[in-house]
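Let me begin by presenting the structure, written as structure tokens, before commenting on it.
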There are 2 protein chains.
Amino acid sequence: MTDEQYMQLALAEAQKAFDKEEVPVGAIIVMNNRIIARAHNQVELLNDSTAHAEILALTSAFDFLSSKYLPEATLYVTVEPCLMCSGALYWSKIGKIVFGADDEKNSYRKCCNGNNPFHPKTELVGGILKDECANLMKDFFKARR
Amino acid sequence: MTDEQYMQLALAEAQKAFDKEEVPVGAIIVMNNRIIARAHNQVELLNDSTAHAEILALTSAFDFLSSKYLPEATLYVTVEPCLMCSGALYWSKIGKIVFGADDEKNSYRKCCNGNNPFHPKTELVGGILKDECANLMKDFFKARR
């Protein structure tokens, strides 16, 4: 499957969040062409401001593999990670991160001033299905204004 | 109770981690002079590289209060937070963070270049029982060399 096809699956997760009135971010983790974790943002449901899609997907993947490192895995996430999620991805040593839309407000870039917060071996790719991922966020916040 | 007395309780949590061969970091969360969460690092036990003391304490406090924000609470943690934990503390809007030892290797400061990753209303205090907190870390890593 292509990056775009995997991102469609992350978008389907984000749509689940949207339907539950959660900020619509979705993530999947893939290893050897197999999906090993799926998650969407559950901050409201869990009353936990750290329950971002990436964190829930990581925890699920660690559990599935019984491993605290994911060097062979790729995370697909619909929106650029925040500082917390970037730090979590650093600790996971994940092989590759593919994101959709930029996040000017909460991106790790805001605090990191050009420093790379990820593990030196982690590959980073952005902009996959950028418009679809961004439009879901825009629709969500528009409905709440 | 004083900051030093609360930090002693965080150190007791760190000692529990030490005894289980986990990197010895402990945390407690206090609100209105009441301890609402205690946790120690459980990365090895849970096979989860994100299971830092601060994250486990935050999740426990959110659950206890059924609230995703902690503006009235104070976190005591034996070692300066990493980037992931700093991001999690940002989202929690915690009122105050008190840490013990500096962490030259993993501190959020390494990536943030002088930027403050915490919520603008969060107060930050460092150096409480600094030597005791640092010595527990040194003893742990010395035993593993």
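Order of the sequence lines sets the chain letters (A, B, ...), proteins ahead of strands, with each chain counted from 1. Source: prediction; values computed, not measured.
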Could you go step by step and tell me if A:F62 and B:V43 meet the side chain to side chain contact (heavy atoms under 4.5 Å, CB included) rule? CA-CA 11 Å; A:F62 296 138; B:V43 164; over 6 Å; no
Would you check, one step at a time, whether the test side chain to side chain contact (heavy atoms under 4.5 Å, CB included) holds for B:W91 with A:C82? CA-CA 10 Å; B:W91 289 116; A:C82 74; 3.4 Å; yes
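Proximity to chain A is absent for every atom of B:K93, based on heavy atoms less than 4.5 angstrom apart. In this structure, chain A has a heavy atom under 4.5 Å from the backbone of B:N116, while its side chain stays farther away. The parts of B:C111 that come within reach of chain A are both its backbone and its side chain, each placing non-hydrogen atoms under 4.5 angstrom from that chain. The contact between B:S67 and chain A is made entirely by backbone atoms, counting heavy-atom distances below 4.5 Å. At a 4.5 Å heavy-atom cutoff, B:Y108 makes no contact with chain A through either its backbone or its side chain.
Both B:Y6 and B:L58 are members of a single hydrophobic cluster when ILVMFWY side chains are connected at heavy-atom separations under 4.5 Å. Connection of B:V30 to B:L129 is established within a shared hydrophobic cluster, with ILVMFWY side chains joined at heavy-atom distances below 4.5 Å, either directly or through further cluster members.
Distance alone, capped at 3.5 Å, places no donor-acceptor pair between the B:D48 side chain and the A:T59 backbone. With hydrogens and angles disregarded, no donor-acceptor distance shorter than 3.5 Å links the side chain of B:S49 to the backbone of A:Y69.
With chain A as partner, the option from B:I55, B:D63, B:L70, B:N106 having the largest number of non-hydrogen pairs under 4.5 angstrom is B:N106. Interface remark: of the candidates B:N47, B:N115, B:L46, B:N47 forms the most heavy-atom pairs closer than 4.5 Å to chain A.
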